[in-house]
Every structure is written in structure tokens, then in C-alpha cells.
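Below: the structure, in C-alpha cells.
Just so it is clear, the values below take in all heavy atoms, side chains as well, and ignore hydrogens, waters and symmetry mates. By convention in this document, chain letters (A, B, ...) are assigned in the order of the sequence lines, proteins followed by strands, and residues within each chain are numbered from 1. Computed from a prediction, not measured in an experiment: that's the story for all the values here.
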Amino acid sequence: MSTIAIHNSLTGRKEPLTTLEPGHVRMYVCGMTVYDFCHVGHARSLIVFDVVRRYLRHRGYRVTHVRNITDIDDKIIARAAENGESIGALTERFIAAMHEDCAALGVERPEHEPRATEYVAEIVAMIGKLIANGYAYAVAGGDVLYSVAKFDGYGRLSGKRLADLRAGARVEVDEGKRDPLDFVLWKRAKPGEPAWDSPWGLGRPGWHIECSAMSVALLGDHFDIHGGGMDLKFPHHENEIAQTCAACGSKFVDTWMHNGFVNVNAEKMSKSLGNFFTVREVLPHLRPEVMRAFVLSSHYRGPINYSDDNLRQADASLERLYVALRDVVPTSPVVHGAATEKFKAAMDDDFNTPEALAALQALARDLNVAKGAGDGAKAAVLAAELVCLAGVVGLLGHEPEAWLRTRPAKVLGDGTTAAAEPDAAEIDALVEARMAARKARDFKESDRIRDALLARGVLLEDGPQGTSWRYR
RNA sequence: GGCGUCGUGGCGGAGUGGUCACGCAGCGGACUGCAAAUCCGUGUACCCGAGUUCGAUUCUCGGCGACGCCUCCA
């Protein structure tokens with residue numbers, strides 16, 4: 001059996017996947033800070049690791065997938081205050097919204113979804129260990145800081161040296177900080193802020209420590225895969241390594257995976273640039289599967305450019321697959337052929353989804369050829385293989401006819417939705433009328449009907465079994 | 001300034017030391033009453049310069065350019 005190779009950010013190279021426990025992958029992926037809606041950048045990360053999870057399972061692994069929720073931090077506190085809303089109400093609202101977005105995108109629920117506020121005891125215990133081990137120190141105000149210089153491997157993940165970091169440090173030195181790079185583990189509460197009791201007084205966790213504490217609590221102090229967006233590499237993941245290794249004296253994570261950004265006009269989609277689109281504003285006009293196809297059209301580590309044209313192309317390539325599946329009933333036990341081998345080889349090679357998608361396209365071609373040759377049995381077998389493989393990455397989950405005869409509301413330039421398109425009943429009636437005209441060889445009339453429908457977004461196609469229609 | 005990633009045909013996007021990605025768009029053909037879909041065919045693509053090599057888009061070095069991280073960020 002071939003093995004899966006994964007690019008490990010820690011070593012910078014592709015390595016065969018190994019698991020500490022045979023056949024069981026333990027994977028932690030950094031999730032959201034819940035003070036706002038998910039945007040397309042979050043969607044990419046969610047989809048990428050959803051595909052990783054699905055593929056590992058497809059390859060026979062049991063997967064324990066943890067995706068945390070950061071439900072306490074500065075931005076949450078600030079946003080709640082801004083809104084005049086309690087922190088709990090704010091975070092519950094955006095957690096629910098995130099779950100809705102995930103469901104819409106077909107992103108499976110991970111096995112565990114721990115929230116920082118539910119793990120304060122573990123966090124406090126870990127900070128205590130770090131102090132005991134000499135890696136952390138409490139300062140007068142009530143903050144506890146991590147002493148970066150104490151940790152040998154600091155900077156290994158992000159390829160940074162302490163000296164370089166200090167030279168470029170833009171952070172002002174807090175009083176009490178022994179080193180400008182030291183980061184906070186426990187933050188003293190200001191009046192009115194949510195706070196938990198601790199040996200260092202009332203306060204709350206720093207950002208990085210929650211992931212260390214929760215991953216260790218749920219997956220152990222040494223596990224297989226840790227993932228997240230590229231922007232988390234430094235300082236977040238670097239700090240996680242420093243914390244967990246120093247507290248537990250273990251190796252922590254074997255394979256680090258980082259997905260690339262979603263760009264808009266070649267610039268990173270981000271809150272500060274204001275060039276982001278939320279999942280919920282985009283999804284009504286874009287079928288979720290198109291979003292997934294778009295994300296998978298490029299390799300997860302590279303950048304991907306979010307644009308109408310690229311989404312359109314993703315839609316078109318997906319449509320080609322659905323058109324191929326039209327009028328074919330897939331056989332029941334799936335027979336795996338050459339396409340499966342290609343698909344598997346691609347996915348085994350660091351989840352090369354563009355290559356895997358190419359295998360699906362090749363399969364669609366064979367399927368079309370079989371259909372053209374009238375070889376229904378072969379077509380049925382190929383269709384089954386196509387649906388099965390696509391399903392592994394969460395695609396082609398719809399009935400082809402249903403997919404081709406549905407479309408999201410078209411948004412016009414002014415933000416309004418386009419006038420309603422003809423419904424199925426009306427289209428069927430017109431198709432009937434056109435059929436009658438064709439039978440009478442009144443092609444002028446039949447073409448008039450077809451052109452009129454096309455002008456309203458409906459495409460008619462004459463085939464051996466009659467006329468079918470779809471939106472375009 | 002430090003560190004890093006990347007630069008492939010009209011567009012998107014894989015990949016490889018010497019045959020082939022794949023999709024979108026275009027063109028020619030088959031099919032069709034005409035279309036659409038489909039199939040077949042079609043593009044002197046690999047940022048620039050030097051080096052290694054029988055041979056480099058692929059390896060090495062240098063340059064240019066884009067982007068990212070170094071502060072919260074998926």
C-alpha cells in the first residue's frame with residue numbers, strides 16, 4: 001500500500017504520513033475567533049482540512065479531528081462592548097453562524113470543538129507547569145509571560161531567529177517584560193472584563209495557550225497533525241510549540257500543515273484591508289459546491305485568487321462533470337479503475353486536489369465516450385466511480401438534473417436580485433410547444449422558442465430521448 | 001531591514017531533466033434541421049541572465065518582479 005506524503009511546514013519537505021497509533025490520525029486545526037462572520041478565507045481553511053479529514057478516512061484511517069473555538073479575547077471583548085451585547089451572547093451568535101456556514105459548505109463537524117472558556121482549568125494548570133519548569137514568570141501586575149529565550153527551538157517552525165525578531169520588533173516593551181518577544185500566557189483582568197480565578201489573580205488566558213492546553217487535553221501531548229492558515233505559523237503556532245514542549249517535555253506535533261491565503265486582486269483577503277467577503281453574503285449567489293470546487297482547483301498551500309471569473313470557471317468545470325452524469329444510473333458496487341489510481345496518487349501526494357480533479361475530468365471524458373457509443377453498462381460503471389471519487393472530496397453530491405436545473409439568484413450590479421426566471425412548469429410547456437413545432441418542421445417557430453428561453457437563461461438541448469433543459 | 005513563498009500558453013492551474021496535465025475561452029472537424037452538449041484535432045507555455053548537463057521550464061548561482069510573515073488574522 002502506498003503511503004500518503006504530506007508537506008511538513010516544520011521541516012519544509014514532504015514526508016510520509018506516520019501515525020503514533022497505527023491507523024489513527026489525531027489532528028488539531030485552529031478554528032475561529034468568534035466575533036464576526038466567517039469570510040472566504042476561513043472557508044478555504046475549513047474546506048481544505050475537511051478534505052484532508054475526508055481523504056484520510058477514505059484511506060482507512062480513523063480520524064480524531066479537533067477544531068477549537070476561541071471565545072474569549074481582546075477583540076471579542078471590544079466587539080461586545082461596541083455592540084452593547086454580552087460576551088456570551090456575542091460568541092453564541094457567531095458560533096451558531098459559523099455552524100450554519102459550515103453546514104452550508106458541506107464541512108463536516110469535527111469530533112471535538114473545544115472552547116477556550118471551557119478549558120480554563122487546564123490552561124491554568126499548564127501555565128503553572130511552565131512556571132515550575134522555569135519557562136514562565138509572573139509579573140507584578142498579575143500577567144504571566146512566557147520567556148522565549150528559555151526555549152531552545154524557538155523560531156524553528158517559522159524560520160526565524162530571535163535576534164532577527166528582536167531587530168524587527170514593533171511591539172512596545174511592556175513593563176515587566178524581560179524580553180520584548182516574551183508573550184502573555186495569562187492576562188490580568190481589567191475592571192469589568194470577564195475573569196477567572198488563578199494563582200496569579202483574576203484574569204484570562206492569552207491567545208496561544210488555549211490551543212496548547214486544549215490539544216493536549218483532547219489529543220495528548222504528542223499527536224500527528226496540526227493545521228491552520230499560513231498566518232498562524234508565526235507567532236501562534238511557534239508559541240504553541242514553545243508552550244507545549246516546555247510544559248510537557250514532549251515532541252508535541254509531528255506534521256504541521258498550513259494552507260495558503262485567499263487573495264483579492266493579488267492581495268490577502270483580510271479584515272484590515274476591508275477586502276473580504278463573508279460566506280453568508282456570498283453563498284446565496286454561489287452554490288456551496290462551486291465554492292468547494294474553486295478552493296480545490298488550486299493546491300492548498302498556494303495562494304488562490306477570489307474573483308468572479310475564477311468562480312465562473314470553477315462552476316463551468318463542475319458543470320461539465322454533472323453534464324457527464326446526466327441520464328446515467330451509476331452501478332451499485334463501485335468498480336475502481338484507472339481513474340481511481342490517478343486520483344489516489346494525486347491525493348496521496350500532499351493532497352494535490354488540482355491533479356485529483358483532473359482525474360475526475362478524464363473520467364468524465366471516458367464516461368461521455370461510453371455514452372456516445374451507446375455503451376450504457378460501461379457508462380454506469382464509470383459514473384459510479386466518478387461519483388464515488390468526487391464524494392471523497394465532497395463534490396458531486398447532487399442529482400445531476402437537480403444541479404443543472406437549479407441556480408442561485410443572480411445579483412445585479414445594483415445589488416438587487418434579477419427578475420425571476422421561468423419555472424419548470426413554464427419551461428416544460430414551452431418545450432412541448434417547441435416539440436410540436438419541430439414535428440411540423442416549423443423550425444422558425446421552434447428556434448424562436450429556444451432563443452426566447454435562452455434569453456431568459458434557459459438552455460435547451462435536443463438529444464436522442466427528446467429535449468432537455470438547464471439553466472445557464 | 002530580516003525571513004520566506006512564488007513567477008507556466010488568452011485566463012485559471014498541476015507537473016516534469018529529454019512523450020501527455022486538466023478546466024475555461026478560441027479555432028477546425030464530426031454529430032445536429034440549425035443549435036447546445038459530446039467526441040476528435042488544434043496553440044512553437046514555462047520571468048531574465050549565467051552555470052551544470054548530450055539535453056533544463058524542471059537542478060545551481062545571480063537579477064528582476066509579485067506576494068506573505070516579522071503586530072491581531074484561516
Side-chain angles (χ1 to χ4, degrees), chain A residues 9 12 29-33 35-36 38-49 67 70 73-75 155 158-161 163-172 181 207 227-236 238 258-263 266-273 276 293-294 297-299 301-305 307 309-321 323-324 326 342 346 349 352-362 364-365 367-369 371-373 404 438 441-444 446-447 450-451 454 459-464 467-470 472:
Chain A
S9 303
V29 181
C30 287
M32 297 264 305
T33 299
Y35 70 103
D36 207 340
C38 297
H39 64 231
V40 176
H42 298 116
R44 183 182 192 190
S45 184
L46 290 165
I47 290 169
V48 161
F49 288 102
R67 187 179 64 218
T70 298
D73 97 317
D74 290 351
K75 274 175 304 202
S158 51
K160 294 177 188 306
R161 284 170 302 186
D164 294 339
L165 284 167
R166 289 197 186 100
R170 279 184 256 170
V171 252
E172 65 275 27
L181 298 179
W207 174 39
M230 213 76 113
D231 43 6
L232 261 26
K233 211 165 165 184
F234 187 90
H236 184 57
E238 195 68 61
H258 292 97
N259 67 274
F261 300 130
V262 174
N263 290 160
E267 275 182 322
K268 179 185 171 186
M269 179 181 289
S270 71
K271 299 262 159 115
S272 47
L273 288 168
F276 64 91
F294 163 68
S297 72
S298 68
H299 186 88
R301 281 191 284 118
I304 189 167
N305 208 44
S307 71
D309 193 50
N310 290 347
L311 289 166
R312 212 209 78 252
Q313 289 193 18
D315 195 357
S317 64
L318 195 54
E319 180 165 289
R320 190 178 133 79
L321 300 180
V323 166
R326 196 160 52 166
K342 272 178 69 177
D349 184 14
N352 191 334
T353 53
E355 193 79 39
L357 259 30
L360 300 188
Q361 292 290 345
R365 166 163 292 118
L367 170 51
N368 284 327
V369 168
K371 279 166 76 179
L404 295 169
R438 287 184 74 206
R441 302 198 65 80
D442 183 357
F443 295 122
K444 207 172 159 191
S446 79
D447 289 353
R450 186 174 63 196
D451 292 346
L454 188 59
L459 177 71
L460 300 191
E461 297 171 305
D462 299 328
T467 299
S468 58
W469 65 267
R470 62 187 161 107
R472 62 164 306 210

Legend entry - Carboxylate-amine/guanidinium contact A:D309 A:R312, below 4.0 Å: yes
Legend entry - Salt bridge A:R470-A:E319, side-chain N to carboxylate O under 4.0 Å: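 Looking at A:E319 together with A:R470, the answer is yes, because their closest N to O distance falls below 4.0 Å.
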Base, sugar-phosphate alone, or nothing: which one does [X] contact when heavy atoms must sit under 4.0 Å apart?
X: A:N259; result: base
X: A:V262; result: base
X: A:K271; result: nothing
X: A:H39; result: base
X: A:M230; result: nothing
X: A:T353; result: nothing
X: A:F261; result: base
X: A:F234; result: sugar-phosphate

Gap between atoms [atom1] and [atom2], on [X] and [N] respectively (whole Å):
X: A:D349; N: B:C22; atom1: CG; atom2: C1'; result: 16 Å
X: A:L321; N: B:G23; atom1: CG; atom2: C1'; result: 9 Å
X: A:L367; N: B:C22; atom1: CG; atom2: C1'; result: 17 Å
X: A:H258; N: B:C3; atom1: NE2; atom2: C1'; result: 15 Å
X: A:R161; N: B:C70; atom1: CZ; atom2: P; result: 18 Å

Inset, instruction - Could you go through the side-chain contact (heavy atoms from CB on, under 4.5 Å) check for A:R320 and A:V323 one step at a time? - result: CA-CA 5 Å; A:R320 190 178 133 79; A:V323 166; 5.8 Å; no
Looking at [N], does its base get a donor-acceptor pair with the side chain of [X] below 3.5 Å?
X: A:N352; N: B:G15; answer: no
X: A:R438; N: B:G33; answer: yes
X: A:K160; N: B:C69; answer: yes

Inset, instruction - From the options B:A21, B:C24, B:G13, select the nucleotide whose nearest atom is closest to the side chain of A:E355. - result: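 In terms of side-chain proximity for A:E355, the closest of B:A21, B:C24, B:G13 is B:A21.
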Legend entry - Residue A:S45, side-chain heavy atoms: nucleotide from B:A74, B:G2, B:G23 that is nearest: B:A74
Inset, instruction - Would you mind telling me which residue lines up with the more 5' stretch of RNA chain B, A:Q313 or A:L273, judged by nearest nucleotide? - result: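 So the residue in question is A:Q313.
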Legend entry - Most 5' of A:S158 and A:G260 on RNA chain B, judged by nearest nucleotide: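 The answer here is A:S158.
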Write down the distance separating the [atom1] atoms in [N] and [M], rounded off to the nearest Å.
N: B:G26; M: B:C11; atom1: P; answer: 15 Å
N: B:U53; M: B:C47; atom1: P; answer: 23 Å
N: B:C22; M: B:G43; atom1: P; answer: 13 Å
N: B:C27; M: B:G18; atom1: P; answer: 34 Å
N: B:A25; M: B:A66; atom1: C1'; answer: 25 Å
N: B:A56; M: B:C61; atom1: C1'; answer: 15 Å
N: B:G1; M: B:U19; atom1: C1'; answer: 48 Å
N: B:A36; M: B:A30; atom1: C1'; answer: 15 Å

Inset, instruction - Can you sort out the partners of A:H39 under ring pair (Phe, Tyr, Trp, His ring centres under 6.0 Å), two or more places apart, ordered by chain and number? - result: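 A:H39 satisfies ring pair (Phe, Tyr, Trp, His ring centres under 6.0 Å) with A:H42, A:F276 once adjacent residues are dropped.
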Legend entry - With sequence neighbours excluded, residues passing ring pair (Phe, Tyr, Trp, His ring centres under 6.0 Å) with A:H258: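 In terms of ring pair (Phe, Tyr, Trp, His ring centres under 6.0 Å), with neighbours along the sequence ignored, A:H258 is linked to A:H237.
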Legend entry - Nucleic acid footprint by protein, nucleotides 35-40 of chain B - heavy-atom cut-off 4.0 Å, B for base, S for sugar-phosphate alone: BBSSSS
